[in-house]
Amino acid sequence: MERDGDAVEWLRRVGVGRGVRVGVAIARGAGLGIAGPDGSELAVDVDDPAAVVARIETVLRPRWVWWSIETTTMLVDAGVRIGACWDIAVVHRLLAGGWRADPALVWATLRELPLESIPVSRPLDLFTQAEPEMGDPEHPMRPDGYLRPDWVDGSWAERPERLARWAGLAAQAATLQEGHLSTAEQTHAVATARAESTAELLCAELAAGGLPMDRDEAERIIAGFVGPRPRTDADAIAARRRRDDEVLRHAPRGAPVDLRNAAQVKSMLWRAGVDVPDTRAWRLQAVRDHPLVDALLTWRKAERIATTFGYGWIDTFVGTDGRLRGQWSSADGAAGRMTATAGLHNMPADLRPAVRAEPGHVLVRADLGQIELRVLAAVSGDRALVRSTAAGDMYAPVAAQIGVDRDTAKVAVLGAMYGQTTGHGAAVLPRLHQSYPAAMRLLEAADEAGRAGRDIRTHGGRLIRLGAHTPEHDVDDPDEAGLRDARARAAARGRYARNAVIQGAAAELFKVWAVTVRARGAELDARIVLCLHDELLVHAPASCGSAVADLLERCLHEAAHRWSPDSGVHFVADISVLERWSDATH
DNA sequence: ATCGTAGGCGCC
DNA sequence: AAAGGGCGCCTACGAT
């Protein structure tokens, strides 16, 4: 191991250039460690490790390898703009499923050591003895192959030499992970791993940057639903009372009703002559001509604003700079879609006029058209379905092919992807099978795996864990209700798996698109400010609006090619340059 | 008092 | 015969 020296020169010497993986470990106040592709390590004792990383990034543009989100956050907070990374925790979740992805588990998994025996550090007390040291405590790995618990718990960050070894270990872990990905049956799992890693970086930037909001406009919209901002608690209670009374004055006389209690609402409706199995909005919509029901539905909408997207929401999540900030996760625990808190992913359409470009800027919005159906074509390779992706509106050729109207075709296709087999769609399901056999087989195979409790992988190689669930035939001696229950659960797992292969693959393509836009948009000063499953919102200088729109389109085709090079599937996006998010013609 | 669950609803 | 997936966030309620 070397110490200090010029990091850029050292990395050049060990063969690092654009896209070459470089292990890195940083800790404020303790410097940084970096590791080259040949296994050599360099310890750098500096006060500002982020600045060193930034300089290396500018000159060499490597692919940074790190253990987890802490490094990502530290660099983003320091304002360092990283081009490409390999996030070991993110790749571990992709390969192995589950959420836990700390270095001890990742390393034991990669070394194929028993996971039950991963050592943990226990505080010393009267009943435990200090463990005898195994091997050299200055090295992160014990002779038995496991990582030292004290290193995992944070002593890797104590000195530059340790940081260098930690970085070297990260580089080794990434190489092992790449090996596993390459031998998986998925051909493009390595590309997915890279994109998923960089998506995690994008998430840190989204959390730091936020979504530009027009606070006054947001408050105006909220006021329209729930009245002006209450000045006192008594004010708030009175306003709430007034909203409740608008519903209750239509209610039959009798016991007082708490509108926030579904059971009481249901019985109130029954007393008013409305008999419903539950009080969900889509069910009540059918009987909206009843004044009580209409008042209740109006109340629910306002209540949503009052409780979730009201003044409190603004105060909590919109900063003084007018940016709405939440936490972002690059892959949920199920199929791997991005998630966000602070209402970023479920902001009511009514509030979207308040999402607005800053002065001198525009929002460029792009959303993918029929992404799940196109993804189904790509992952199944169904020849007929792939051909129909040439159309801007895929449902047109599909409807023509199976001989039904467009709406029926759409319901049938969505039903097949989500596991719904009743209603209009189910009737034409046999025709879907006839016309698109490979696509339907893929969905059925996933469904079957889900029912049987067999793990599956998405197109990009993400493990969907299904094995922890008991298959129905394994339940011993069930009673009738128990059997019905077990079957219902198995069917639910089937639907889950059926959906996961599509939703998960769509999420992978989306992230490749997003990180491509992130990379190519930098020179236009275009920043992604929102990712919404099939939609990107980019904030850019007004002079770049049309250039960014073109970029989004080009990046989509580049991403599709990278994610699924030989599928021949055509992806489409609806792209517009806007001042407000809501200005899009929809 | 703190926790998990259920019903509900927003978005995709 | 019947069966729609995911997420976050709210409230009420029952268990601990």
Side-chain angles (χ1 to χ4, degrees), chain A residues 225 240 244 257-266 276-285 296-297 299-310 312-313 316-317 326-352 355 367-372 375-376 410-426 429 443 446-447 450-451 458 464 466 472 483-507 510 530-537 581 586:
Chain A
F225 282 95
R240 176 170 146 146
D244 291 7
V257 174
D258 179 357
L259 293 175
R260 293 159 189 84
N261 181 318
Q264 289 185 31
V265 169
K266 190 178 158 192
V276 281
D278 61 61
T279 70
R280 291 190 158 88
W282 64 268
R283 225 186 268 283
L284 293 177
Q285 206 63 50
L296 177 65
L297 289 171
W299 176 89
R300 283 237 176 106
K301 209 169 167 65
E303 183 71 1
R304 169 82 23 210
I305 300 284
T307 57
T308 309
F309 296 101
W313 173 66
T316 308
F317 299 113
Q327 296 170 329
W328 286 80
S329 162
S330 66
D332 63 41
R337 292 212 300 193
M338 292 172 83
T339 64
T341 64
L344 283 158
H345 272 177
N346 54 349
M347 189 190 303
D350 289 317
L351 277 159
R352 294 188 178 191
V355 176
D367 79 304
L368 303 177
Q370 301 147 358
I371 178 62
E372 297 192 328
V375 160
L376 173 59
K410 183 173 176 177
V411 168
V413 164
L414 292 174
M417 288 193 290
Y418 294 155
Q420 187 183 35
T421 52
T422 53
H424 269 80
L429 205 56
L443 294 169
D447 195 302
R451 287 170 183 273
T458 63
I464 309 292
L466 296 153
E472 55 186 291
L483 188 63
R484 214 166 37 238
D485 200 40
R487 282 197 179 135
R489 274 201 304 275
R493 301 307 300 177
R495 290 192 299 274
Y496 170 79
R498 182 187 280 267
N499 183 248
V501 289
I502 302 305
Q503 193 187 92
F510 177 81
L530 189 71
C531 294
L532 198 44
H533 308 312
D534 66 349
E535 176 174 353
L536 280 175
L537 210 52
W581 191 10
H586 238 48

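In what follows, every chain begins at residue 1, and chains take the letters A, B, ... in the order their sequences are listed. Quick caveat, the model's predicted, so the values are computed rather than measured.
- Under the side chain to side chain contact (heavy atoms under 4.5 Å, CB included) criterion, A:Asn346 pairs with A:Phe309, not counting sequence neighbours.
- Taking 4.0 Å as the cutoff to heavy atoms of chain A, we find the contact window on DNA chain B bounded by B:dG7 to B:dC12.
- Whole-Å rounding puts the A:Met347 CE to C:dC9 C1' distance at 14 Å.
- Within 4.0 Å of A:Arg260, counting heavy atoms only, lie sugar-phosphate atoms of the nucleic acid but no base atom.
- Take A:Thr308 and apply the side chain to side chain donor-acceptor pair (under 3.5 Å) test, not counting sequence neighbours, and it matches A:Arg304.
- Applying the side chain to side chain contact (heavy atoms under 4.5 Å, CB included) criterion to A:Lys301, with sequence neighbours excluded, gives A:Phe225, A:Asp350.
- Salt bridge absent: A:Asp534 and A:Arg337 never bring a charged side-chain N and a carboxylate O closer than 4.0 Å.
- With sequence neighbours excluded, the residues satisfying ring-ring contact (aromatic ring centres under 6.0 Å, His included) with A:His533 are A:His345.
- If you check every strand for non-hydrogen atoms under 4.0 Å, A:Ala500 touches nothing.
- Across the protein-nucleic acid pair, A:Lys301 atom NZ and C:dC10 atom C1' stand 16 Å apart, rounded to whole Å.
- Partners of A:Phe317 according to the side chain to side chain contact (heavy atoms under 4.5 Å, CB included) rule, which considers only residues two or more places apart in sequence or in another chain, are A:Trp313, A:Leu324, A:Ala342.
- By the side chain to side chain contact (heavy atoms under 4.5 Å, CB included) test, A:Gln327 pairs with A:Thr341, sequence neighbours left out.
- Rounded to whole Å, the separation between the P atoms of B:dC9 and C:dA2 comes to 25 Å.
- Side-chain contact annotation: A:Thr279 with A:Arg300, donor-acceptor N/O pair under 3.5 Å present.
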Note to self: Go through it in stages, so that I can follow the logic: the residues are A:Ile502 and A:Leu443, the test is side chain to side chain contact (heavy atoms under 4.5 Å, CB included), and I'd like the CA-CA distance, side-chain angles, deciding distance and then a yes or no.
What the structure shows: CA-CA 9 Å; A:Ile502 302 305; A:Leu443 294 169; 3.9 Å; yes
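- Atoms CH2 (A:Trp328) and P (C:dC7) sit 16 Å apart, rounded to a whole Å.
- With sequence neighbours excluded, the residues satisfying salt bridge (charged side-chain N to carboxylate O under 4.0 Å, His left out) with A:Glu535 are A:Arg365.
- Applying the salt bridge (charged side-chain N to carboxylate O under 4.0 Å, His left out) rule to A:Asp332 yields no partners; only residues at least two apart in sequence or on another chain are considered.
- Axis angle across the helix from B:dA1-C:dT16 to B:dC12-C:dG5, with five pairs used at each end and values rounded to 10°: 10°.
- Between A:Tyr418 atom OH and C:dG4 atom P the separation is 13 Å, expressed in whole Å.
- Rounded to an integer number of Å, the gap from A:Arg300 CZ to C:dT11 C1' is 11 Å.
- We find that CD1 of A:Ile502 is positioned 14 Å from C1' of C:dG6, with the value rounded to whole Å.
- Separating the CD atom of A:Glu535 from the P atom of C:dG6 is a distance of 22 Å, rounded to the nearest angstrom.
- Between A:Arg495 and C:dA3 there is no side-chain N or O to OP1 or OP2 distance below 4.0 Å.
- Distance A:Tyr496 OH to C:dA3 C1': 18 Å, rounded to the nearest Å.
- Here A:Arg283 lies out of heavy-atom contact (under 4.0 Å) with every strand.
- In the region residues 334-343 of chain A, proximity to DNA chain B at under 4.0 angstrom, judged on heavy atoms, holds for A:Arg337.
- Checked against ring-ring contact (aromatic ring centres under 6.0 Å, His included), A:Trp299 has no partners two or more places apart in sequence or in another chain.
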